[in-house]
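Note that the coordinates shown come from a computational prediction; the quantities given were computed from them, not determined experimentally. Here is how names work: the chains are called A, B, and so on, in the same order as the sequence lines, proteins then strands, and each is numbered from 1.
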There are 2 protein chains.
Amino acid sequence: MLSRITSASHVRGSIALGARSMRNFSSVSGKVYPSATAAVADIKDGSKICVGGFGVCGIPENLIDALSKQGAKDLTCVSNNAGLDDAGLGLLLQTGQVKRMISSYVGENKHFEKLYLTGELEVELTPQGTLAERLRAGGAGIPAFYTPTGYGTVIQEGGAPIRYKRGGGEVELESSARPTAQFDGRDYVLEEAITGDYSLVKAWKGDTSGNLIFRATAQNFNPDCLKAGKIGIAEVEHLVQPGELNPDEIHVPGIFVQRIIQGSNYSERIEKVTTAKPKADPNAEPEKPKPRDRIVKRAAKEFKDGMYVNLGIGVPTLASNYIPEGVSVTLQSENGLLGMGPYPEEGKQHHDLINAGKETVTYLPQSSTFSSSDSFGMIRGRHVDLTILGALEVAANGDLANWIIPGKMVKGMGGAMDLVSSGNRVVVTMEHCAKNGSSKILPSCSLPLTGKQVVDLIITELAVFEITKEKGLVLIEHAEGVSVDDIKEKTAAEFTVSPSLCVMQQ
Amino acid sequence: MLSRITSASHVRGSIALGARSMRNFSSVSGKVYPSATAAVADIKDGSKICVGGFGVCGIPENLIDALSKQGAKDLTCVSNNAGLDDAGLGLLLQTGQVKRMISSYVGENKHFEKLYLTGELEVELTPQGTLAERLRAGGAGIPAFYTPTGYGTVIQEGGAPIRYKRGGGEVELESSARPTAQFDGRDYVLEEAITGDYSLVKAWKGDTSGNLIFRATAQNFNPDCLKAGKIGIAEVEHLVQPGELNPDEIHVPGIFVQRIIQGSNYSERIEKVTTAKPKADPNAEPEKPKPRDRIVKRAAKEFKDGMYVNLGIGVPTLASNYIPEGVSVTLQSENGLLGMGPYPEEGKQHHDLINAGKETVTYLPQSSTFSSSDSFGMIRGRHVDLTILGALEVAANGDLANWIIPGKMVKGMGGAMDLVSSGNRVVVTMEHCAKNGSSKILPSCSLPLTGKQVVDLIITELAVFEITKEKGLVLIEHAEGVSVDDIKEKTAAEFTVSPSLCVMQQ
């Protein structure tokens, strides 16, 4: 059914096995546990557990299920997401076993929301890249590191609600401030490592010595979580003998795995099945253009040949449909995929290959997969050239607010803070005004920030603004038929008009 | 000739390529350069260059050769080693193109030594794990991080000679001190990231979009160096088309490679060809026991079933010949190999599979390979249970000196500082006294330290001492026929005698 990736293995070099190659098998097979139940049996109340997976992709289903039956309470769970109401860590929330979640995005779980807002559950929201790096640091003996992510936001300044009073309302426990330092004139936040008493992960294949191989974007947080746990517990779809995995293809060496089980009954659940639309009927009437089409087409002009780009969900993603002729860009998806292809044809979706919006996608020939810490290393290290994303508010100095509206449910910042703090080009696409007509371009943001002085360009249906440290907010393009006065009227922030002002590129 | 590792690929899952899968090939092929000469043509005088490889394993031979002909001067080279007199970076030293080396071990190069001691070359010695992590940080947008490595040594305190006065003798430039901090009561050193203007690496296979796959221990510093360079230049043994590499098997995604070339004429040079000895003639007279045999056999008693162990060259490595029956240990080699097998049979050695001593070794069924930063993450993160290594001096409080004798040539600390600073069990094997008869167990070390309060156990041919923070130096075993008074006479440090003192285990 599904097309097959060409194997590179037919040209694999051949390297000698040791003379003692076939002995010592039993040595490491002490790691194999008979069941998920046995593997989690000794997890005590109050344990801290690092759990792999992104959404429901690559989650250790069997282990979570066994833990929900085992009943350990007051758990602290470190996991990018909180599962769904009836899947993943959602199961442990249903049974009331979780005291605290350390996550980056928890928006898919209604039960979670209720528990949090009524003081039944503590939540430490952590930017996705920072979460991955803190776990990676925990596994690598690095107690703390500096990152640009979150500088000038509540993450660095402290005060994010961790626990509400029982019954709701008042905040009872807030996050504390992080130390900061400057390196080469830029501001950074000191983040500490995360370690766990246990880690629960899922791999595609593993051998009895604990070596693991992941498949596609089901890798995600699994390696980072695994390495951060004192006792690493892995479930695999295929448990094989040592010698069956190529040493160079192993994603995580067996040293990080203390217990391994053969998993079963994998749900293959997909949060958002997205498939390619059938080709439009050429005789059908063209769809009526929408105001956002103008934004989408203008955003596509930002693509330059050879760029690596991360696109937010919605309008930014639509821009990839208008990549100019002769220009090739490579899309990065922060859950661990470079060279993201389009939605699959109907029936060809695979639960292990999703994008950061949890939608099913496909490989391109140049695709590669990797862990979450590697993905955000790529982002934070300025290897991704361009980020395009939406906003709730942008300030004249480039401050960006797009992750939280106080009083409404906090879903988490996901990877947004990491993406905008890397120092690479950040383009905001948004409607010029909010639904109530108020300007979204402001003298200063009223909402909590996602990043401080991070936006380089704003594209709305009315105008394009450039923001630089030297010149501030500058109007560089106006939409066809829209005057500078029109724009001034609808823009709360003051701006200057570029001497080379022109009509918006389309 | 060489036996073939079983391929895991026959059970690879099949995941859809995108609908647009065969287009956009040209997009990324702009990275392919016609030659090494073309790929390094624009490297300017004064550039900082990160160069992959460990010893001469996995070095970018073609690119280094081209750079030596191109002639750029005053280069700063970041590379674990400095090559040999006539290979690797040794070529750039011969041509006088290098101003400064940032390395962990430079002991294999006589010309290097002369240049350094006569003030022609600056050298920043950096512990191997710190070097790998600084490069990894540079590539991942982490400006600085804390590590336990080097605390209380010249690395943290400063004062290591970087440049001697022209003609030699006086030190003209010293390394500066690093900030420190405590986390959970342990002391750590703040280390800053390393980035380069260029990186030169070698991979086994690569596609025209820049995706790379390494083979065996030729991976080593290549991924970390590559990611740290602003312009990443890769040479590969096999240049293939996108789609020929499995996305999950790619070690470094193409985003880190700006230029790629098909390499040629690989030397397949091996620094130390080591092969298994033929089985001893059972009728031959047994070899006369040496005093060190007692040390070796006692050290082997430290192996417990299931342990992961890093063994220093010499006596520690010999201990692996005496692993007790029923006990299985997995050997870690810090150049990027877990599950190190014995020396290969004559003729079966492979230049891409070496240990940290640059000797040829083999795979075991449970073997896995990885990068230098991953290797030292494993070490620093306390996943390696036990380190056994030699010493010049040990102090009663566990201070260790084993990397430098002032006035003699500085070869570098390699990975020793990282290995002893992780907090895992550190066992020293050494002769009780130096060649001049003086005690090597001292009230305090006179030589520069490798680590502060890091040794847990000392094994000599006379005695075994335990060192703990609570009780200090305690004699726990004495060799057959050696009295406590004999030991006292030959031990400069004061020690207490364990109430359960016994004869040395053998």
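- Interface remark: of the candidates Ser368(B), Pro143(B), Gly377(B), Pro143(B) forms the most heavy-atom pairs closer than 4.5 Å to chain A.
- For Tyr151(B), the ring pair (Phe, Tyr, Trp, His ring centres under 6.0 Å) test picks out no residue, with sequence neighbours left out.
- Looking at Lys227(A), both its backbone and its side chain come within 4.5 Å of chain B, counting heavy atoms on both sides.
- Of the possible donor and acceptor atoms, none in the side chain of Thr208(B) sits under 3.5 Å from a partner among the backbone N and O of Gln241(B).
- Relative orientation of the Tyr146(A) and Tyr146(B) rings is tilted, given thresholds of 30° and 60° on the angle between their planes.
- Only the side chain of Leu353(A) comes within less than 4.5 Å of a heavy atom of chain B; its backbone N, CA, C and O stay farther away.
- With a 4.5 Å cut-off on non-hydrogen atoms, Asp385(A) does not touch chain B at all.
- Shown here are the ring pair (Phe, Tyr, Trp, His ring centres under 6.0 Å) partners of His351(A), two or more places apart in sequence or in another chain: there are none.
- Neither the backbone nor the side chain of Glu237(A) comes within contact range of chain B, judged by heavy atoms closer than 4.5 Å.
- Put simply, the side chain of Lys31(B) never gets that close to the backbone of Asp207(B): no donor and acceptor are under 3.5 Å apart.
- Side chain of Thr275(A) to backbone of Glu346(A): no donor-acceptor contact under 3.5 angstrom is found.
- Counting heavy-atom pairs closer than 4.5 Å to chain A, the top residue among Ala140(B), Gly141(B), Gly381(B) is Ala140(B).
- Contacts of Val240(B) with chain A are absent, with no heavy-atom separation under 4.5 Å from either backbone or side chain.
- Contacts between Thr149(A) and chain B at a heavy-atom distance below 4.5 Å are absent for every atom of the residue.
- In terms of heavy-atom pairs under 4.5 Å with chain B, the best-connected choice from Gly139(A), Ser422(A), Pro344(A), Gly254(A) is Gly139(A).
- Residues that satisfy the salt bridge (charged side-chain N to carboxylate O under 4.0 Å, His left out) test with Arg259(A), not counting sequence neighbours, are Asp42(A).
- A salt bridge does not link Arg136(A) to Asp224(A): none of the charged side-chain nitrogens sits closer than 4.0 Å to a carboxylate oxygen.
- In this structure, chain B has heavy atoms under 4.5 Å from both the backbone and the side chain of Asp248(A).
- Within the 3.5 Å criterion, the main-chain N or O of Gly129(A) finds a donor-acceptor partner in the side chain of Asp418(A).
- Side chains of Met307(A) and Thr330(A) form no contact here, defined as non-hydrogen atoms less than 4.5 Å apart.
- Only the side chain of Leu338(B) has a heavy atom closer than 4.5 Å to any heavy atom of chain A.
- Glu244(B) places no side-chain N or O within 3.5 Å of a backbone atom of Pro242(B) that could act as its donor or acceptor partner.
- Interface check for chain A: of the options Ser367(B), Gly336(B), Ser373(B), Gly326(B), the most heavy-atom pairs under 4.5 Å are formed by Ser367(B).
- Side chain of Gln332(B) to main chain of Val309(B): no donor-acceptor pair is present (N/O by atom type, distance under 3.5 Å, no hydrogens or angles).
- Note on Ser421(A), Ala216(A), Ala228(A): by heavy-atom pairs under 4.5 Å with chain B, the leading option is Ala216(A).
- Contacts between residues 181-193 of chain B and chain A, defined by a heavy-atom separation under 4.5 Å, are made by Phe183(B), Tyr188(B), Leu190(B), Glu192(B).
- Separation of the Tyr308(A) and His383(A) ring centroids does not fall under the 6.0 Å cut-off.
- Phe214(B) touches chain A through its backbone: at least one of N, CA, C or O sits under 4.5 Å from a heavy atom, while the side chain does not.
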